[in-house]
Amino acid sequence: MRIVVVGGVAAGMSAASRARRQSPDVQVTVFERGDWVSYGACGLPYVIGGEVEDFGRLVARTPGQLRDRDIDVRLRQEVTGVDATARTVTVRDRETGRTLTEPYDRLLLATGVSPVRPPWAVTSLAGVHVLRDLPDGQAIEASLEGAKQACIVGAGYIGLEMAEALSTRGLEVTLLEKGPEVAGRMLDVGLQRRVRAEVERQGVDVRCGVTVEGLTGKEGRVTGVDTDGGHVPADLVVVAVGVRPNTDLTRAAGVRLGETGAVAANDRQETSVEGVYAAGDNTESRHRVTGRAVHIPLGLTANRMGRVAGVNMAGGEARFPGIVGTAIFKTFGLGVARTGLTQAEAEHAGLDALSVDVDSTDHAGYYRGAAPIHVRLTAERGSGRLLGAQLLGHTGSVKRVDVVAALLHRGGSVGDLFELDLAYAPPFSSVWDVLLVAADRAG
Ligand code: FAD
């Protein structure tokens, strides 16, 4: 059994490792067009910000370690074509330009996403970056030399993480966002405003409702960003305006795309073409709260999809359970977490939803270090079915979002949440934890 994996980061490497463990008889080959495999892209902002000492720390396993496990890792090899009838892939060696044809019995497309680059961001000016992979991170690091003013375009979670990272490195940071507020795709409006207030409090110049019109440069280096609200001087620009799934190969293979534009796969990660699997950021998943297809490209989803694909490709049986849209990030000292649906998303999905907001402290107010925490809990009116939660608080405190995520997986209600025996001692929580208070109010 010959398993070929295209893409060697989260989904691809999880699949390769899992297939190898599932069956010693399979031959596993991973083609990666870049220079790196098996690393945590999620850590990139923290290397740039100085929290993690170097990019090498993000690597989970080197190609050598993977080869020792009998996984044939081939770097700088780009898969350029798939013949799903002959069951072969065409591979181009990026160093020599030579191509070869490789047969497969099972093929996994774990090709991830690419950052969106608006036309104005397609430039040869130095100092203009996206942040998607490890070389992007290294390029930003190199551009930091002598840089004083950064402009980040896009205030999603990567833009907000980078606002912290670049401020920490001593740059003056301007954050531009086309939408009316920051973190627009993650939170309801009231919470978006709170995040913005915190980022502004940290000295970042946040400008929302602003459209970028172009870049200015001098002697080959960027000098600023032109917007419909004026010019923003900058010697470092990070463009973080979203991603799109890498689907060129799936099209070539005749694989069906889903309604979100990402690859459609069933819960065994099989695509519409026999023998071809898909996993990770390029693939859509089923939202367990709405039952609909969604494309929410995140790390655990990619790893889990890869694991499921690996087991199945090697002859085992595993199913991807779907997701509930859980996400978390931090910007400066503020932790931001969400799971399920926001009020706006629930309404958009046609649900009759109500949300309650609770402001409290993350542990007993009398115990030192108590910090504010805000919970917004969303439930279906009448039935009390939990629909989602959003939390803002001191970094680690918002990880309690996982309690709600667990209940969402099981279709739980606010009553179920209220009944939970949650851990309590003054340094960790109030006796009635903020989640229980929110559940009580929503009930
Ligand atoms: P990728 O990591 O994109 O890997 C796909 C690989 O396929 C790439 O290396 C690419 O070179 C290769 N490839 C593509 N096409 C070909 C081809 N034709 N031939 C050969 N190789 C090919 N997620 C979280 O859950 N939490 C976080 O905090 C978080 N933070 C993030 C911060 C940043 C800055 C970034 C960029 C992402 C973050 N993510 C986070 C998202 C997370 O990193 C991704 O969900 C995860 O990396 C997806 O893994 P993947 O294997 O599907 O895709």
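Order of listing sets the numbers, starting from 1, for every ligand and every atom in it. Everything numeric here is computed off the predicted structure, so don't read it as measured data.
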Other residues, nucleotides, ligands: >12 heavy atoms within 6.0 Å of Arg67 CZ: yes
Mode of Gln77 contact toward ligand 1 - side chain, backbone, both, neither (heavy atoms, under 4.0 Å): backbone
Atom indices of ligand 1, in the order listed, that fall short of 4.0 Å to a heavy atom of Ala302: 48 (C), 49 (O), 52 (O)
Test of proximity, Leu249 against ligand 1: N or O pairs below 3.5 Å: no
Close approach of Leu131 to ligand 1, heavy atoms, under 4.0 angstrom: yes
For atom 35 (C) of ligand 1, closest protein heavy-atom neighbour: Ile158 CD1, 3.7 Å
Top protein contact for atom 25 (O) of ligand 1, by heavy-atom distance: Gly299 N, 2.8 Å
Any side-chain heavy-atom pair of Arg61 and Arg69 under 4.5 Å: yes
Check ion pair Asp93-Arg98 (N to O, under 4.0 angstrom): no
Atom 53 (O) of ligand 1: nearest protein contact (heavy atom, Å): Gly112 CA, 3.4 Å
Distance from atom 26 (N) of ligand 1 to nearest protein heavy atom, with residue and atom: Cys42 SG, 3.9 Å
Ligand 1 versus Phe329: contacting region, heavy-atom distance under 4.0 Å: neither
Val6, portion touching ligand 1 at heavy-atom distance under 4.0 Å: side chain
Distance filter under 4.0 Å to Phe31 heavy atoms, resulting ligand 1 atoms: 20 (C), 21 (N)
Shortest non-hydrogen separation from Ala147 to Leu236 and the atoms involved: CB-CB, 4.4 Å
Pair Arg196 + Glu181, salt bridge at N-O below 4.0 Å: yes
Gln269 and Arg304: CA distance, side-chain angles, deciding distance, side chain to side chain contact (heavy atoms under 4.5 Å, CB included) verdict: CA-CA 10 Å; Gln269 300 306 134; Arg304 197 193 299 279; over 6 Å; no
Atoms of ligand 1, numbered as shown, that sit under 4.0 Å from any heavy atom of Gly280: 52 (O)
Closest to atom 1 (P) of ligand 1 (judged by heavy-atom distance), picking from Arg132, Lys330, Met305: Arg132
Min heavy-atom dist Met162 to ligand 1 below 4.0 Å: no
Ligand 1-proximal atoms of Asn282, by part, heavy-atom distance under 4.0 Å: neither
CD (Glu317) with more than 12 external heavy atoms under 6.0 Å: yes
Within reach of ligand 1, part of Leu298 (heavy-atom separation under 4.0 Å): both
4.0 Å heavy-atom contact, Trp36 with ligand 1: no
Sidechain N-carboxylate O distance under 4.0 Å for Glu141, Arg169: yes
Candidate pair Arg106 and Arg87, rule side chain to side chain contact (heavy atoms under 4.5 Å, CB included), full reasoning: CA-CA 8 Å; Arg106 304 268 190 278; Arg87 295 212 177 192; 4.1 Å; yes
Polar contact flag for Gly8 and ligand 1 (N/O pairs, less than 3.5 Å): no
Options Val113, Asp281, Thr301, ranked by nearest heavy atom to atom 52 (O) of ligand 1, top entry: Asp281
Taking atom 49 (O) of ligand 1 as the reference point, the nearest protein heavy atom with its distance: Ala10 CB, 3.3 Å
Distance from atom 51 (O) of ligand 1 to nearest protein heavy atom, with residue and atom: Ala11 N, 2.9 Å
N or O contact, Ala279 vs ligand 1, cut-off under 3.5 Å: no
Numbered atoms of ligand 1 (with element) below 4.0 Å of Gly7, judged on heavy atoms: 6 (C), 7 (O), 12 (C), 21 (N)
Reported CG-to-CD distance for the pair Leu377 and Gln343, which is rounded to 0.5 angstrom: 11.0 Å
Atom 38 (C) of ligand 1 [closest protein heavy-atom partner, distance rounded to 0.1 Å]: Tyr157 OH, 3.2 Å
Atom 21 (N) of ligand 1 [closest protein heavy-atom partner, distance rounded to 0.1 Å]: Arg33 N, 3.1 Å
Heavy-atom pair with the smallest gap, counting every atom of Leu298 and Asp281: N-OD1, 3.6 Å
Atoms of ligand 1, numbered as shown, that sit under 4.0 Å from any heavy atom of Thr111: 5 (C), 7 (O), 14 (C), 15 (N), 16 (C)
Closest non-hydrogen atom pair between Val79 and Leu249, with its separation: O-CD2, 3.5 Å
Distance filter under 4.0 Å to Ala110 heavy atoms, resulting ligand 1 atoms: 5 (C), 6 (C), 7 (O)
Minimum heavy-atom distance Ala309-Leu108, with the two atoms named: CB-CD1, 3.9 Å
Sub-3.5 Å N/O-N/O distance, Glu32 and ligand 1: yes
Sidechain N-carboxylate O distance under 4.0 Å for Arg194, Glu198: no
Side-chain donor/acceptor of Thr250 to backbone N/O of Thr247, under 3.5 Å: yes
Residues Arg74, Glu102: salt bridge by 4.0 Å N-O rule: yes
